[in-house]
Undergrad: 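Supplied in structure tokens, the structure appears directly below.
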Amino acid sequence: MAFVQQSSPHARRARPTSRLMLWVIVATLPGLLAQTLFFGWGNLINVVWCVTVALASEAAILKLRQKPVAFFLKDNTAALTGLLLGLSLPQFAPWWVSAIAVVSAIVVAKQLYGGLGSNPFNPAMVGYALVLISFPVAMTTNWAEPALLWDGAPGFGDTLAAIASVQQTTVDGWTMATPLDEYKHKIVSLTAEEVVQHPTFGDGVARGWEWVNGAFLAGGLVLIGLRIITWHIPAGVLGGLVIMSLAFGSNADLYAPLTLHLLAGGTMLGAFFIATDPVSAATSHQGKLIYGAGIGVLIYVIRTWGGYPDAVAFSVLLLNFAVPFIDHYTPPRTYGHHKARRGVPGRTQG
Amino acid sequence: MTQLWDFAGGIHPPENKHQSTARPIRTAEVPERLVLPLQQHIGEPAAAVVEAGDRVLKGQVIADVADGLGVPVHAPTSGVIDSISELPVPHPSGMTDRCIVLRPDGEDEWIQLHPATDYRERERTEVLELIRNAGISGMGGAGFPSNIKLRPPKERKVDTLILNGAECEPYITADDMTMRERADDIVAGLKIMAWILRPGRCIIGIEDNKPEAVEALRTAIEGTQIELAVIPTKYPSGGEKQLIQILTGMEVPSGGIPADIGVMCQNVGTAVAVGHAVLEGKPLISRVVTITGEAVREPGNFDALLGTPIDHLLAQAGLMPEQVNRLVLGGPMMGYTLTTTAVPVIKTSNCVIAATATELPAPPPEQPCIRCGQCAEACPMELLPQQLFWHAKATEFEKAEHLNLFDCIECGACSYVCPSSIPLVQYYRYAKGEIRVQRAEQLKADRARERFEARQQRLEREQQEKEQRRKERAQAAAEAQAKKKAEAERAAAEGSAVDERAAKAALVEQALARKKAKADAGKPAASAEVPAPTPEKPDLEALEKQLTQAQSKLETMQGMLEDAKAQQADNVDKLERAVAKNHDRVQRAETALTEARQQLAAESPTTD
């Protein structure tokens, strides 16, 4: 009898990468649904378009790199990158802006660094930051009005036409500044009460945005419940943002209030779905907290004193830079040791 | 109620234990041949004390370890020694080793037994010797000689004695069934070990998935101080370090042993063996082995004689040979695959899984690590498995060691959960192996360097001693020569003084003669024709003698100079000056002689 020779463990019951990624994709659906309900078809079309471009560019570059195309496409990571970009780009972002974001994310930020697992930066955020800097007008003027405000909200066809059109003028009537943008620019000359008169703020925090953020929060909690991500990074991000907001922004007449920071813009999507990308995030629990908190603090700093109304992409990318450093100094204490061994191995004498 | 702590990480693999607990422990049939490896424990292999053809009785020592760490091997039944030869033994490498092959005669005739029911009246060392002579080594896994383990260093008092009945590996039920059916034996053995160690606490730790075992032991410990701790089912709670943490909240220091923190763990099977050894005088000749897996029809536990070939047990469990895909010795998490069913049961064999291809399928292809951190979540030692993996893969062993690679217990939890199906544990084993090799080579290189340096030092020392001796000799010689030279110089000085005086006298005479001649020339011509009165004839003989003397002295001095130069003595300068001086002297003597000769020659025609 010839028996299979194998090294232990002989049993394994892992959720394969593809399943983990699928769960993340599923967990974004409430957020996508909320976006569609409150901002129209834009994000949904973006998502379909971005995922398509992502899969196509991943397949092409894998082929070029002479890697097994089907094997890697099936891991769902490219689809997830496309999905995240589709969720975070403005609803009426032109098709070519989205495409540039996706291609630079997949080809440059991911595959040219060695493919899955080797990218030091979050691919989706590389793509996002690239188009944000390169096409500032397209990226800031294409945010949809919350659906409740629309007179004759654009239907699927109109939205698709607007995205597919090269001309940008057609969407003027349907778009407006994001609440963070609005608050930031108006608070300089107005009081908080006056600022929130703007229709984008609605009766709650920010019409539509609060629901979208709430939905992403729910999806994120599902991921924590499924042990696909740990609580450390989201807690760090939100914690950093909250602490900064309480420390510096308690006066609503000067700075955006905490509720707006948490429930407008890309906060929850960033905290639960983007900062938690394992490949480019810190690894130990302590490291994850530091990494998350760094992102949270930076989001606040850039939003408040920087030139951009939202800052998730830059914050995540900046902390991606710091990951090797953080990892270096935050290994856990191993069982049976007095303290953690930080830093690099010391040269022993002799 | 014993307070419990949790340990980090851990996983919950499917237990697959019910298959083999359906039946009580069966006594395995005695096979035609028993194969007893000489090494069944950690330490030195035993040496056979019987020869082929000898008849042995059940319980008779057939191999022993004369010196070094080890325990004897006993005949599991009476019979005749068939041979002592190289046969396959249970080992991950599938290697062969020396084994005694015993052909049972069916009599099952015991040697004279010497129970020590009165062990409490005896010396502890005597009881430990009984345990050693019974051939008991740990039956949980590693197989460390029990008598050594039960005798921790004097300064390490064992406060807590833990009996490990956790049995956290899936499939294995040998300890479970032992606890269910032999609870009294376990408690008896535990009492003996407790009597030896005198700990403050005795705790039996069992996972809560073994309610029958818990009940049986609860009954058995009634009226004793022994605590029963039912711990949550989680792999690897049966790992020694994890169980200690669960039951005491303490951690075994890295690189240390449990005794360092006053704890000792013993396996329940070991307790049974200790009880039998002391109370009945019976050596360790059999053990409970789980035979399970979907490729056997009647999985269960067998009380098998040591040396029973595994195929014999598999056959009794109803093996379906065409179904077996993988044969694992031990559990699915830490066991190793066998290449053949011909290997025997040894003291550490606890389980054989005859798995079908669907039961333990081949792992899917490896994918890139996405740093998801599931491995770190599962690691019971709080390591960073993915960093260790990166470093092992990049052969950055120093960094891997820095991240405590050697604290990895190879439990396999990280591989179990890895979504990219990376065989993490294999990478750690590889890295550990490479580091061990490097260390061994380093050690070898260090030794070689030390040897070389020692040799160099010895040669240098010898050279110095030689030099020292040579210098001493040279100095003695130089002194002797200096003495001689001083004498010679004194003599030469005297000699030269005489010569010089004579030469001066001759010169004075010559000068006088010349003056006289001049004076004569100044006289009337008549007188000019008259030859000048001949001055006193120079003493040729004396001059010649002077020259020879000076020459011989010069030669002596030159000889001495040569010697001194050859020996590099420090009187070379002095001798050179002396030679030069003598050289002048010789020249002077020569000049004097020549002049004298010329004078004589000049005179002779006139005289003729």
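Each chain gets a letter, A, B and so on, in the order the sequences are listed, and its residues count up from 1. Both backbone and side-chain heavy atoms feed into the values below; hydrogens, waters and symmetry mates do not.
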Undergrad: Please indicate whether A:Phe325 has more than 12 foreign heavy atoms, meaning atoms of other residues, nucleotides or ligands, lying under 6.0 Å from its CZ.
TA: no
Undergrad: Under a 4.5 Å heavy-atom cut-off, does chain A meet the side chain of B:Val417, its backbone, both or neither?
TA: backbone
Undergrad: Please determine whether the number of non-hydrogen atoms from other residues, nucleotides or ligands lying under 6.0 Å from atom CZ of A:Arg227 exceeds 12.
TA: no
Undergrad: Determine whether more than 12 heavy atoms belonging to other residues, nucleotides or ligands lie under 6.0 Å from atom NZ of B:Lys432.
TA: yes
Undergrad: Do you know the tightest heavy-atom contact between B:Gly331 and A:His10?
TA: O-CD2, 4.0 Å
Undergrad: Give, as side chain, backbone, both or neither, the part of A:His285 having an atom under 4.5 angstrom from any heavy atom of chain B.
TA: side chain
Undergrad: Chain A heavy atoms under 4.5 Å from B:Glu401: which part of the residue, side chain, backbone, both or neither?
TA: backbone
Undergrad: Side chain, backbone, both or neither: which part of B:Pro364 has a heavy atom under 4.5 Å from chain A?
TA: side chain
Undergrad: Is a side-chain N or O of A:Arg13 found less than 3.5 angstrom from the main chain of B:Pro13, in a donor-acceptor match?
TA: no
Undergrad: Which pair of non-hydrogen atoms, one from B:Glu251 and one from A:Thr334, has the smallest distance, and what is that distance?
TA: OE1-O, 4.4 Å
Undergrad: Among B:Gly335, B:Ser421, B:Cys411, which residue has the highest count of heavy-atom pairs closer than 4.5 Å to chain A?
TA: B:Gly335
Undergrad: Is it the side chain or the backbone of A:Leu20 that comes within 4.5 Å of chain B heavy atoms, both, or neither?
TA: side chain
Undergrad: When rounded to the nearest 0.5 angstrom, what is the spacing between CD1 in A:Ile229 and SG in B:Cys372?
TA: 12.5 Å
Undergrad: Does the side chain of A:Arg15 come within less than 4.5 Å of B:Pro419's, by heavy atoms?
TA: no
Undergrad: Would you find more than 12 non-hydrogen atoms of other residues, nucleotides or ligands less than 6.0 Å from B:Trp390 atom CH2?
TA: yes
Undergrad: What part of A:Arg333 is in contact with chain B, defined as an atom under 4.5 angstrom from a non-hydrogen atom: side chain, backbone, both or neither?
TA: both
Undergrad: Run the numbers on A:Ser7 and B:Val425 for side chain to side chain contact (heavy atoms under 4.5 Å, CB included), then give the verdict.
TA: CA-CA 8 Å; A:Ser7 178; B:Val425 180; 5.7 Å; no
Undergrad: Do A:Thr230 and B:Glu377 have side-chain atoms, one donor and one acceptor, less than 3.5 Å apart?
TA: no
Undergrad: Would you mind checking which part of B:Pro253 comes under 4.5 Å of any heavy atom in chain A, side chain (CB onward), backbone (N, CA, C, O), both or neither?
TA: both
Undergrad: Of all the heavy-atom pairs spanning B:Val324 and A:Phe3, show the shortest one and how long it is.
TA: CG1-CE2, 3.6 Å
Undergrad: If every non-hydrogen atom of A:Arg12 is compared with every non-hydrogen atom of B:Cys418, which pair is closest and at what distance?
TA: NH1-O, 4.4 Å
Undergrad: For the atom pair OG (A:Ser8) and CZ (B:Arg429), what is the distance rounded to the nearest 0.5 Å?
TA: 3.5 Å
Undergrad: Return the CD to OG1 distance between B:Gln387 and A:Thr283, rounded to the nearest 0.5 Å.
TA: 4.0 Å
Undergrad: Check whether B:Leu424 gets within reach of chain A through its side chain, its backbone, both or neither, counting any heavy atom under 4.5 Å.
TA: neither
Undergrad: Specify the closest pair of heavy atoms between B:Ile370 and A:Pro278, including all atoms of both residues, with the distance to one decimal.
TA: O-CB, 3.3 Å
Undergrad: In this structure, are over 12 heavy atoms from other groups packed under 6.0 Å from B:Arg439 atom CZ?
TA: yes
Undergrad: Is it the case that more than 12 heavy atoms not belonging to B:Phe406 sit under 6.0 Å from its CZ atom?
TA: yes
Undergrad: Which one of B:Gln374, B:Met250, B:Gln242 has the most heavy-atom pairs closer than 4.5 Å to chain A?
TA: B:Gln374
Undergrad: Which heavy atom of B:Asp407 sits nearest a heavy atom of A:Tyr335, and at what distance?
TA: OD1-O, 4.3 Å
Undergrad: Measuring heavy-atom distances to chain A, does B:Pro14 have an atom under 4.5 Å in its side chain, in its backbone, in both, or in neither?
TA: side chain
Undergrad: Do other residues, nucleotides or ligands put more than 12 heavy atoms under 6.0 Å from B:Phe397 CZ?
TA: yes
Undergrad: Count the heavy atoms of every other residue, nucleotide or ligand shown that sit under 6.0 Å from CD of A:Gln66, and state whether that count exceeds 12.
TA: no
Undergrad: Compute whether any side-chain donor of one residue and acceptor of the other, for B:Thr337 and A:Gln6, lie under 3.5 angstrom apart.
TA: no
Undergrad: Against chain B, label A:Asp327 side chain, backbone, both or neither, depending on which of its atoms sit under 4.5 Å from a heavy atom there.
TA: side chain
